[in-house]
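First up is the structure itself, then whatever we jot down about it.
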Protein chains: 2
Amino acid sequence: MENYDVTKFDRPSVTVDVVVFTIKDIDLKVILVKRAVWPYENMWALPGGFVKMEESLDQAAKRELLEETNVKDIYLEQLYTFGDVKRDPRTRVITVAYFALINQDNLELKASTDVSDVKWFSAYNMPQLAFDHKEIINYAIKRLRWKLGYTTIGFKLLPNEFTLTQLQTLYEIIFNKKFDKRNFRKKILFLELIEETDEITKNVSHRPAKLYRFKKKIGEIIEII
Amino acid sequence: MENYDVTKFDRPSVTVDVVVFTIKDIDLKVILVKRAVWPYENMWALPGGFVKMEESLDQAAKRELLEETNVKDIYLEQLYTFGDVKRDPRTRVITVAYFALINQDNLELKASTDVSDVKWFSAYNMPQLAFDHKEIINYAIKRLRWKLGYTTIGFKLLPNEFTLTQLQTLYEIIFNKKFDKRNFRKKILFLELIEETDEITKNVSHRPAKLYRFKKKIGEIIEII
DNA sequence: TGAATAGTGTCTTTCAGACAATATGCC
DNA sequence: GGCATATTGTCTGAAAGACACTATTCA
């Protein structure tokens with residue numbers, strides 16, 4: 001019974017696609033790549049590609065992101081698997097979508113494999129997209145809001161040191177609404193998740209702000225904010 | 001460029017596996033099947049199997065559940081996709097895990113395809129399992145608790161008409177802790193999610209309880225409980 | 001009338017939200 | 001001194017949690 005024949009059945013192909021978010025220019029941005037190959041040639045799409053036999057899904061997501069956009073060292077979590085029969089014109093393709101957050105410091109996008117361009121687009125104003133990638137991004141925005149409300153994931157979008165105004169602006173951009181400054185600060189400080197540094201903002205033509213840092217270990221995410 | 005060759009690359013296989021929960025005998029139960037074929041022959045595992053080319057992932061999950069356990073008409077949502085390279089001894093297999101809830105009324109488990117037995121097991125006391133299915137179930141329990149806390153998903157585990165004590169017991173079993181009866185009822189009734197029926201429990205040797213029903217449409221799930 | 005479970009209200013504490021004046025650094 | 005942003009506290013209303021006695025049915 002151990003001579004299992006892998007070729008016995010037709011099999012779907014498996015890809016990964018990654019929705020990378022950052023905050024930039026007071027806006028929520030997503031990385032898109034311009035496809036250089038059929039199908040949907042010259043259309044914008046999520047970075048991603050086929051999963052290789054000898055790599056895990058997470059590894060595939062990281063590899064494709066590096067290959068197509070030059071992005072690495074990023075927070076990555078699995079989002080959802082999209083498997084409609086007709087979602088890809090080539091053949092049956094199931095895609096495992098990933099969700100990634102990065103802060104935009106010293107980050108240089110660079111197109112390569114199968115891709116003619118890479119750019120940040122506003123998540124609230126995207127071009128027409130290949131495949132079902134619009135649906136994937138909308139799903140990712142929902143996940144981002146949900147997690148921002150219930151976990152400390154938001155710190156992944158900020159530099160190591162940040163002001164309370166930056167933190168509040170982050171929440172305002174993602175939830176697309178304003179918060180009261182005093183209440184926001186009261187709540188954040190009460191949670192004891194962040195601590196003051198000795199630094200203040202430089203080169204601003206107004207009162208400089210204290211810089212804070214996230215107290216928990218890099219990578220740690222706590223529930224309930 | 002349109003003559004895309006599907007056979008050009010080796011491809012992983014894709015399966016679905018389903019974690020079906022119910023509440024029975026004051027305990028949280030999961031359906032397991034006894035495997036009749038290699039690998040892990042005679043071990044308990046989650047119901048599941050290979051995704052066919054012409055069916056979506058959701059359809060595959062429903063079909064496998066019906067074939068292997070005789071369960072149908074169930075609440076089903078995608079849980080997570082497990083894709084470690086070595087998780088299956090046959091070949092590279094990526095599995096899309098599903099999470100399902102059912103109330104145990106008039107439900108008859110019946111083994112068939114590739115399976116020699118089907119049974120309910122306590123989620124808190126399971127036998128050794130095939131593949132990485134233990135990990136999948138643990139992940140499903142986390143999801144269940146999370147969703148029970150933040151949505152009305154719990155009603156899927158109850159019959160159409162239920163007593164407030166049944167509802168409270170459900171929460172106590174899944175969270176594995178006791179709640180105050182008055183506070184629990186106050187909160188539930190304040191939310192206006194359920195309404196009284198004209199019925200009361202029969203054949204109990206003590207004061208009978210009012211039966212309630214969930215007010216929302218079947219299938220609807222509301223956030224924030 | 002005893003056993004078993006159903007049903008009900010008040011008080012206290014905690015958290016969320018509304019709301020505006022002063023402080024500081026740069027030009 | 002004027003501009004721009006940073007920083008700070010009180011009050012009110014809503015919700016969560018602690019807590020115990022009466023009601024009803026059946027055997």
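Note that this is a predicted model, so its numbers are computed, not measured. In the text below, chain A, chain B and the rest are named by the order of the sequence lines, each starting its count at 1.
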Specify the separation, in whole Å, of atom CD1 of B:Ile200 and atom C1' of C:dG7.
-> 14 Å
Could you go through the salt bridge (charged side-chain N to carboxylate O under 4.0 Å, His left out) check for B:Lys134 and B:Asp132 one step at a time?
-> CA-CA 6 Å; B:Lys134 193 95 159 194; B:Asp132 51 1; over 6 Å; no
Give me the bend of the helix from C:dT1-D:dA27 to C:dC27-D:dG1, using the axes of the five pairs at each end, rounded to 10°.
-> 0°
Just checking, is any N or O donor in the side chain of A:Asp58 or A:Tyr98 under 3.5 Å from an acceptor N or O on the other one?
-> yes
Ion pair check, B:Glu196 and B:Arg213, cut-off under 4.0 Å | no
What does the list of N/O pairs under 3.5 Å between the protein and nucleotides 21-23 of chain C look like, with a distance for each?
{"residue": "C:dA23", "atom": "N3", "partner": "A:Arg207", "partner atom": "NH1", "Å": "2.9"}

Looking only at N and O atoms, is any donor in the side chain of A:Asn203 or the base of C:dC26 less than 3.5 Å from an acceptor on the other one?
-> no
Criterion side chain to side chain contact (heavy atoms under 4.5 Å, CB included) on B:Leu193 and B:Ile188, from CA distance to verdict = CA-CA 7 Å; B:Leu193 292 168; B:Ile188 287 290; 5.9 Å; no
For the pair B:Lys178 and B:Glu172, find out whether any cationic side-chain nitrogen is under 4.0 Å from an anionic carboxylate oxygen.
-> yes
Nucleotide nearest A:Arg182 (side chain, heavy atoms from C-beta), chosen from D:dT5, C:dA6, C:dC19 | C:dC19
Mind checking what makes salt bridge (charged side-chain N to carboxylate O under 4.0 Å, His left out) contact with B:Asp180, not counting sequence neighbours?
-> B:Arg182
Integer-rounded Å distance: C:dT5 C1' and B:Leu211 CG = 14 Å
Spacing between B:Arg185 atom CZ and C:dA6 atom C1', to the nearest angstrom | 6 Å
Per atom distances to the B:Lys186 side chain, the nearest of C:dT10, C:dA20, C:dA18 is C:dT10
Please give, in whole Å, the distance from D:dT7 P to A:Gln168 CD?
-> 12 Å
Is B:Glu199 paired with B:Lys210 through a side-chain N to carboxylate O contact shorter than 4.0 Å?
-> no
Tell me: CG of A:Leu189 to P of D:dT7, nearest whole Å?
-> 10 Å
B:Ser205 has a side chain; which of D:dG9, D:dA27, C:dT8 sits nearest to it?
-> D:dA27
Between A:Asn183 and A:Ala209, whichever has its closest DNA chain D nucleotide further toward 5' is A:Ala209
Below 6.0 angstrom between ring centroids: does that apply to A:Phe99 and A:Tyr80?
-> no
Are any of A:Thr165's side-chain N or O atoms less than 4.0 Å away from OP1 or OP2 of D:dA6?
-> yes
Quick one: do the A:Ser56 and B:Arg87 side chains pair a donor with an acceptor below 3.5 Å?
-> no
